[in-house]
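Contents: one structure, followed by commentary.
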There are 2 protein chains.
Amino acid sequence: MGIENTKSPPDQTKERLLKTAESLFATKGYYAVSVREITQAAECNLAAVNYHFGNKQNLYLAVFRHCFIPRGKKIHRCFTNAMAPLDSPSTADIIKALAGAFLEGPITEKERFHHSQLISREMAAPTAAFNILMEQAFRPLFNDLLNYLRTALPEIKNEEMMLLNIFSIFSMILHFSFARPLISSITGQNYDKDFKTKLINHITDFALHGLYGRRGFNAPRTQGPE
Amino acid sequence: MGIENTKSPPDQTKERLLKTAESLFATKGYYAVSVREITQAAECNLAAVNYHFGNKQNLYLAVFRHCFIPRGKKIHRCFTNAMAPLDSPSTADIIKALAGAFLEGPITEKERFHHSQLISREMAAPTAAFNILMEQAFRPLFNDLLNYLRTALPEIKNEEMMLLNIFSIFSMILHFSFARPLISSITGQNYDKDFKTKLINHITDFALHGLYGRRGFNAPRTQGPE
DNA sequence: GTCTATAGCAGGATAGAC
DNA sequence: GTCTATCCTGCTATAGAC
């Protein structure tokens with residue numbers, strides 16, 4: 001009597017569904033995943049998806065709203081936190097902070113994988129989630145980045161050139177994040193902590209100096225000098 | 001009598017199926033496309049897919065073998081043709097030739113779209129087509145590029161650093177090719193001939209000098225000097 | 001809020017006429 | 001080589017018991 005709801009696990013199922021759905025949608029894509037597969041993996045009933053989210057599409061959108069966006073904000077915060085203590089951040093500081101936030105930020109490897117997969121899927125074939133992603137995750141970060149870079153590089157007056165620069169930086173970060181199968185297959189490298197540090201240094205160096213400029217003040221020396 | 005096969009349109013249907021299938025697979029992804037949709041768009045019978053290719057999966061693989069790979073070879077040839085007349089190509093020559101081959105190469109805009117979509121889909125979730133793509137398209141081009149760069153940049157002895165450089169260049173080219181919706185949405189630019197020339201110059205400049213190095217000897221001057 | 005059962009339909013694939 | 005007709009599986013979604 002009166003103990004109808006113990007309140008301890010209020011909507012555990014809903015949470016579990018979101019996590020499971022994100023993992024499957026990210027790995028295999030929306031159409032390749034069935035509601036059956038999700039509910040089985042989440043160890044709940046087939047009808048649970050419809051009960052909690054209405055239908056499959058809403059579950060997909062909920063994944064973005066409740067998993068992707070918060071994680072994007074975490075990454076964003078990681079970036080701004082790295083920038084905050086710096087007085088007049090150099091271009092190197094900015095790029096390093098950005099690459100660091102994405103590649104070593106405060107999320108698990110699995111989450112990082114989900115994040116980049118979902119982004120690349122939405123870029124290849126935008127759905128209703130694309131707008132959520134753009135407005136609530138990409139654009140805010142993009143604007144912050146733009147402001148930092150404008151301060152650090154006041155000589156670049158051409159707005160368009162600045163945008164292209166930012167896209168180039170993003171392209172490297174995204175690519176090293178989501179082309180893992182390809183990169184691992186060619187380099188034979190695992191994405192361990194060491195390799196990721198190398199990547200961040202490489203991205204910073206490349207973005208600062210390109211192929212030419214004397215390299216190595218940031219790059220780890222993997223071979224003895226000379 | 002004796003005119004059993006006029007030979008004029010021998011397997012028109014098969015060709016049409018391949019073209020249509022590539023377009024749909026590239027745009028929407030394998031699972032999002034049904035055989036019914038393909039055959040309707042190709043204006044042929046539902047059973048044609050199974051007759052000509054056995055099943056849906058084989059059709060997908062056939063798209064790679066008969067559409068993607070030949071196009072990849074065209075792009076590759078475009079790159080090597082641009083390199084051939086050069087005596088001792090500089091890094092700038094190499095990058096410009098590569099970016100040019102991908103972004104302005106001898107294929108239609110639609111084909112370029114299909115190409116980058118299929119690549120990014122296979123990178124996000126590799127299927128049996130991934131190996132075809134890697135072995136018959138990516139690796140050969142990658143090796144040529146590696147050799148050219150080794151000659152142009154003999155001072156980079158660290159093999160791993162060289163690989164990371166190549167991936168960075170590819171990342172930009174791919175990104176500017178397949179993130180069109182995002183880039184157009186932010187810059188407001190159409191991918192017309194003019195913008196693409198700008199992109200190639202930007203990629204070359206960025207890969208050569210990064211954000212810093214004095215810019216503009218390659219970049220078009222869209223604003224008056226000063 | 002969770003479950004079973006099932007409606008209703010779209011999917012891939014095949015058999016067999018032409 | 002092309003078509004129609006059809007099988008059957010697996011899908012989303014819902015109704016209704018608990």
Side-chain angles (χ1 to χ4, degrees), chain A residues 1-64 66 121 125 127-129, chain B residues 1-64 66 121 125 127-129:
Chain A
M1 55 184 68
I3 321 186
E4 305 96 38
N5 48 2
T6 54
K7 269 270 174 118
S8 27
D11 259 353
Q12 236 186 346
T13 308
K14 203 168 170 177
E15 274 316 299
R16 231 170 37 241
L17 271 174
L18 279 170
K19 301 279 178 209
T20 315
E22 170 169 52
S23 178
L24 287 167
F25 284 145
T27 325
K28 310 169 88 180
Y30 182 81
Y31 291 101
V33 177
S34 68
V35 175
R36 280 173 163 79
E37 190 177 356
I38 297 169
T39 51
Q40 271 164 33
E43 287 174 314
C44 69
N45 191 269
L46 170 63
V49 162
N50 292 71
Y51 177 76
H52 286 287
F53 302 95
N55 56 34
K56 185 186 174 184
Q57 243 224 70
N58 279 340
L59 171 57
Y60 182 72
L61 292 178
V63 162
F64 274 82
H66 296 106
R121 288 187 187 287
T127 71
Chain B
M1 55 184 67
I3 321 186
E4 303 97 40
N5 48 2
T6 54
K7 269 271 175 116
S8 26
D11 259 354
Q12 237 186 347
T13 308
K14 204 168 169 177
E15 274 316 299
R16 231 171 38 240
L17 270 175
L18 279 170
K19 301 279 178 208
T20 315
E22 170 169 53
S23 178
L24 287 167
F25 284 145
T27 324
K28 311 169 90 180
Y30 182 81
Y31 291 101
V33 177
S34 69
V35 174
R36 282 175 162 79
E37 189 178 356
I38 296 169
T39 51
Q40 270 163 36
E43 287 175 313
C44 68
N45 192 269
L46 170 62
V49 162
N50 292 73
Y51 177 78
H52 286 286
F53 302 96
N55 56 34
K56 185 185 175 186
Q57 242 224 71
N58 279 340
L59 171 58
Y60 183 71
L61 292 178
V63 162
F64 274 81
H66 296 105
R121 287 187 188 287
T127 70

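Reminder, nothing fancy here: chain letters follow the sequence lines and each chain counts from 1. This structure is a prediction, so every number in the text was calculated from the model and none was measured.
- Of the possible donor and acceptor atoms, none in the side chain of A:R121 sits under 3.5 Å from a partner among the backbone N and O of B:R121.
- For the segment residues 39-49 of chain A, residues with any heavy atom less than 4.0 angstrom from an atom of DNA chain C are, sorted by number, A:N45, A:A47.
- Between the side chain of A:K56 and the backbone N or O of A:V49, no donor-acceptor pair lies under 3.5 Å.
- A:N50 contributes no side-chain N or O that, together with a main-chain N or O of A:N55, makes up a donor-acceptor pair within less than 3.5 Å.
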side-chain contact (heavy atoms from CB on, under 4.5 Å) assessment of B:L59 paired with B:V35: CA-CA 10 Å; B:L59 171 58; B:V35 174; over 6 Å; no
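- A donor-acceptor distance shorter than 3.5 angstrom exists from the side chain of B:H66 to the backbone of B:A62, with no hydrogens or angles considered.
- Atom CG of B:L17 is separated from atom P of D:dG1 by 13 Å (rounded to the nearest Å).
- Using cut-offs of 30° and 60° for the angle between ring planes, the A:Y30 and A:F25 rings count as parallel.
- Residues A:F53 and A:L61 fail the side-chain proximity criterion, which asks for heavy atoms closer than 4.5 Å.
- Contacts with DNA chain C (heavy atom under 4.0 Å) in residues 24-37 of chain B: B:V33, B:S34, B:V35, B:R36, listed by number.
- Within the 4.0 Å cut-off from OP1 or OP2 of D:dT2, at least one side-chain nitrogen or oxygen of B:T13 is found.
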Decide yes or no on side-chain contact (heavy atoms from CB on, under 4.5 Å) for A:E37 and A:K28, but give the supporting numbers first. CA-CA 11 Å; A:E37 190 177 356; A:K28 310 169 88 180; 2.6 Å; yes
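- Taking both residues in full, the closest heavy atoms of B:R16 and B:C44 are given as NH2-CB, 3.9 Å, listed atom of the first, atom of the second, then distance.
- Contact check for A:Y51 versus A:N45: no side-chain heavy atoms found under the 4.5 Å cut-off.
- Counting to the nearest Å, the P atom of D:dC18 and the OH atom of A:Y51 are 18 Å from each other.
- Within a heavy-atom distance below 4.0 Å of DNA chain C, the residues of residues 52-62 of chain B found are B:N55, B:K56.
- For the pair B:K14 NZ and D:dT2 P, the computed distance is 11 Å after rounding to whole Å.
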